[in-house]
Each structure stands twice: as C-alpha cells, then as structure tokens.
Amino acid sequence: MEKATRYRGWGLLFTATILLGTACSKKDTPAPDEPVGVVTLSFSHTVKGVPMVLNGPAYTNALGETYTIRKFKYYISNIVLGNGSVSDAEKESYHLVDQASTASLSFNLLPKVNSYTTLSFVLGVDSLRNVSGAQGGALDPLNDMFWTWTTGYIMAKMEGNSPLSNQPNNRIEYHLGGFSGPHSVLKKITLALPPGKTLDVRKGQISAIRIAADLDAWWQQPNSISIAGLPICTTPGAQAKAIADNYAKMFTITEVINN
Amino acid sequence: MLLCLVSGILFFNACSKKDRIPGNGTVYNPTFLTLQLPAGWPAPAFSIFAANPLTEEGFQLGRKLFYDGRLSRDGNFPCASCHQQFAAFATYDHDLSHGIDNQFTTRNAPGLFNLAWMRELHWDGGINHIEVQPLAPITAPNEMGEQLSQVLQKLKNDTGYVRMFKLAFEDGAITSQHMLKALAQYMGSILSYNSKYDKVKRGEANFTLSEQQGYTFFKAKCETCHKEPLFTDFSYRNTGLTLNTFTNDFGRMRITGNRADSLKFKVPSLRNAALTFPYTHDGRLYTLGQVLDHYRNTVAPGPTLDPLLTGGIPMTSTERGNLILFLNTLTDTVLTKDPRFAAF
C-alpha cells in the first residue's frame, strides 16, 4: 500500500518534471512571429581623427600637453535601436570595449526585423548592476574595471604617460566611475544615423554600424581638462564627472551598412 | 501534503536536469535551504539570497573557501585568519589584524554575523553587497595580497574544488561570480541569536538584578544607535574619537566625498561585544570599560560630532558596571561553538 502511494507520487513528479523541462528550454527562444536579424556593431578609436596606437606616438591635447596612451577601455550597456515608434533593446546588454583586444571592438546584436534610425546606449554600467552583487561575463571583476574599496564599476579607463604629470614615472590615470548622486558619470548617448540613412534589419542578413570614438573629446568641451592639473583621477566626484561630461560626445557613427 | 512538498523540491531541480555534466560522476542536484530568521526579528530590507539561492552545496563550498589560505598570495591568510569563530568572527585581542608580508590592516576587523540585515559593509559602508565584499581583502596588498585571476587558477587546479563547484552551481564553472556567491552563502548564514539576552527575551532565562539595571540604562542611553534586536541602526556617526593621524582615516567621507561625513563610522552591533575587543574602527579602546569611559569623559567636540553625544554620556560608576554586565549577556557561545561554521 505504502509502495503504491510512492509509485503514484513518482509518476506525478515525472510528469511535472517533463512539463517544467519544456518550460525551461522555451524561455530563451524568441517567439516564431518575431524574426530577428544580425547587426554588427564595431568601434574604432582615434585621437584627433588619427587611429589610436597604444604605447605608441605622443598625442597633444587642446592645451598643448603631450601624452601617450597605454590603456583605453570602457563599458557600453543597454543598447537600444529605435525608429521613432518602435524600439528594440538588447537583452543582457553589457560589453567591455578595449583597445587592447581586437575581439572586443565588435560584437553582434540580434534585433527584431525592422528599419531603425537611432542607436542609443549607456556609456558605463547602469546603477542597478552596481548594487546587485557578483556579476559575470563582461562585468566580471577579473576585467579590472571594478573597485574593491567602494563598490562600483569603473565605467571608462585611460592610462598612459605625460611629461606634464608630477606622478611616479610621469603616469596619467583616469579611472572614471560613480553611479549615483550628482557626480554620476553614467551617460546615456543617442546617436542619429546619417541623414536619410536607415539601418535595415532583415532576417538572415547581417547589417553593420561602425562607430568612431575620438579620445581627444576627453580634454575639452564643456570642461577644459589639464594633464598638469589633473594627472590622476581615480575616485568618483566632481572631477570624474567633468571628464565624463566631455567624453559623452566622443562617439560618431561613421558608416551604416545594409546587406 | 507530503507529496506537495516533494513536488516543490523537484520543481526547483527540474530546470537543472537538462544541463547536468555527463560522465564525470558529479551531478548538480542541490539541496535548497531556507535561512531561518529568529522569531520576532524584523525582516531584512533585502534578501541576500534572492539572486543566489541558498543550498547546502553552495554553503559548504563557501565554508571551504572561507578557511582556505590559498585565497591569499602566500597561502597563509584565509578569510578566517582575521575572522575567527571563537571571537564571533572578529580578530581576538588585536586592534588591527595581521596581513601578508608582516603588514597590519588599517582597521579593526568586525565580527561577522547577522549580515543578512546589513546592506552596507565596512566601517565606512563602501561595500554595497555581501557578494562583492571579499574582493576587498583578497586583493588588498596589506591583507591577502592576491590577484583574483591567481585565486581562480589555484581553485581550478584542485580537483576537490572542481567537484564542489559542480555540485554547487548548475554549469559548474569556477568563476569569480560563483566563488563570491558561495562565500556569501556561508557568511550570510551566520546568525547570532542565542545569547543570554536572547534567552531572556524568549523567557528561557532571567537577568540578574545588575544585568537588568544595566539593560534599563542601555535602553535609556544607548538604544537609539544600538537598536535592538540587531544592536545597530546601520547609520554612520562620529562618536567623538579624534582623527588617527597615522591612518588618516576619515571614515564615511572617503566614500561619499561629503565633508558632513568626516570621521563618521558605521555603528557596530553590540552583539558578542565581550569577544570582539578591542573596539572602534582602529581598535584604540581595549576594554568595554575604556569604551564607556570614552563616552563619559573624552568625547571630542567637532563639527560632525553626533548631536546625541554632545557633552558625552554621563554615568555613575555603578551604572557603568551594570552596563558592562548587561553587555556581557550579548555573548553567543552557541555561535562560537557551532560546528556548522567551523573550519572545513
């Protein structure tokens, strides 16, 4: 009698397990009535329009201060394509773009089939992920973009050297972060496609958007940043915010390719 | 009814089954646990296990990591070197703890218990989630002094860890995220609620007359900041301790960048106070008597001094003595001897 009850129980559980198994495998598959295409987003880095080379030539900022670049990396998150009436947000949208890693300079989006006219994203990691504990993937603290003394991501990082720096080995370091309050460096950036141009996402086809980011933007407009005056900025605050106000304007879309 | 319960357990497991790693004899089939909160306590403002389901396997992995010196560069400094169970997971009898290469830490190691209620960690509240806290001591050059990538490599080279990560996490990967979540499961499970004070509250014991008088004084003079039952209100306050000119530690101001937070530090829980000496953020006061004498006599005025402490806290020697006797009733030897939290 007891055995029979147990068998009945297992039968029920077996059915439940199968049903759940089906439910679980379904959740990541898009509905069949929402076809998607592929859009390759690629980033190229320049300084005053010249391709950036790490550990390479000396560059000159608006104040005539020379510097070299050793590291240049930043987070792009919450990517949304739009066309005025419809928008498509990438799920789990976190990407670390690193000049030292060619593989990081382009990645694919899988938006719904449509024609889009705007691209928006956050430069940095949204505040929610800064307060949600241990993260993986692009947000893994192994990527050297996470503070351990005050919780939060470094949204953008530039390191190098400059004869104007009074720091050890003439080092310059800009670790820009801070996700809340008046000194948040988070920037939502919306880029319009070139006039008359649309991004056409079609099923089975690969489109592309090419974006240029010019580091020269970091030094001016609206805030004039002097290397001699600020060779190191590694804590959240007004100075980090001033640079972020500048770098929010570093991106331009250079090309849209529809195949 | 029993059937419903069993179904419930399988419900959790159902999703994991499809991704089991075949052919290695290690099956992800975790035992889910629920942290039993002490009766009558306020619910935590957030659940530290909401995105990190508590399992026996995750807890045991976290426990092993907590006691493993390999998380430090030279193998000698596990988390437990500064957080000793017999001291309620503080460092016993040390103003500052010892870090790697004969260095001192810069602050007094706090006891670790009831962290499920603690939204912000560290004396300055700089850490906003228990899962990311271990990154600070592991990588600090004067604490465990190790690189995260090195720690993960050491774990990957250990077949015991390979097995335990497979048991604790669905994809079995040895990643920083899984390591940190396992540590959070262990640390977040450490509760202190079995002191004599708790037994009195539950009607299982009685205070002595002196302890009762100490408690009455505590309710009148201390309870605003050291709020029951956790014995902290989680705020940051300047208690009139002068700046430590060696560490130049301004506390909360380093995190907020706000001058109004200068010399403010987190209000520590008084639970297990008798075990967690020395006291204050830099361990400058060695005994409970010295702490009370500070409140009686040496509270330093200043622009950010907590208004409640203007002029200090007057108390007679009898009140001081009774208060110490009451504070001694907050010692939880069930916690300090619980084999579940002991060295792995």
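Residue numbers start from 1 in every chain, and the chains themselves are labelled A, B, ... in the order their sequence lines are given, proteins ahead of strands. Being a predicted model, the structure only gives us computed values, none of them experimental.
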Highest number of heavy-atom pairs under 4.5 Å with chain B: which of A/G181, A/S132, A/G152?
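Looking at each of A/G181, A/S132, A/G152 in turn, A/S132 comes out on top.
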If you count heavy-atom pairs within less than 4.5 Å of chain A, which of B/R254, B/K181, B/H122 leads?
B/R254
Just how far is it from atom [atom1] of [X] to atom [atom2] of [Y], taken to the nearest 0.5 Å?
X: A/T148; Y: B/L148; atom1: OG1; atom2: CG; result: 10.5 Å
X: A/Q135; Y: B/L180; atom1: CD; atom2: CG; result: 10.5 Å
X: A/L142; Y: B/Q177; atom1: CG; atom2: CD; result: 11.0 Å

Within the structure provided, determine whether A/W149 and B/I255 are in side-chain contact (heavy-atom separation under 4.5 Å).
yes
Can you find a pair of side-chain heavy atoms, one from A/P141 and one from B/V132, that are under 4.5 Å apart?
no
Examine whether an atom of A/D144 lies under 4.5 Å from a heavy atom of chain B, and if so say whether it belongs to the side chain, the backbone or both; otherwise answer neither.
neither
Heavy-atom cut-off 4.5 Å, strictly under: side chain, backbone, both or neither for A/S180 against chain B?
neither
Measure distances from [X] to the heavy atoms of chain A and classify the residue's part below 4.5 Å as side chain, backbone, both or neither.
X: B/L152; result: side chain
X: B/S149; result: both
X: B/R119; result: side chain

Contact residues of residues 221-228 of chain A (partner chain B; heavy-atom separation under 4.5 angstrom):
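Residues qualifying by a heavy atom under 4.5 Å from chain B are absent, so none.
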Is the backbone N or O of B/N128 less than 3.5 Å from a side-chain atom of A/T151, with the two atoms forming a donor-acceptor pair by type?
yes
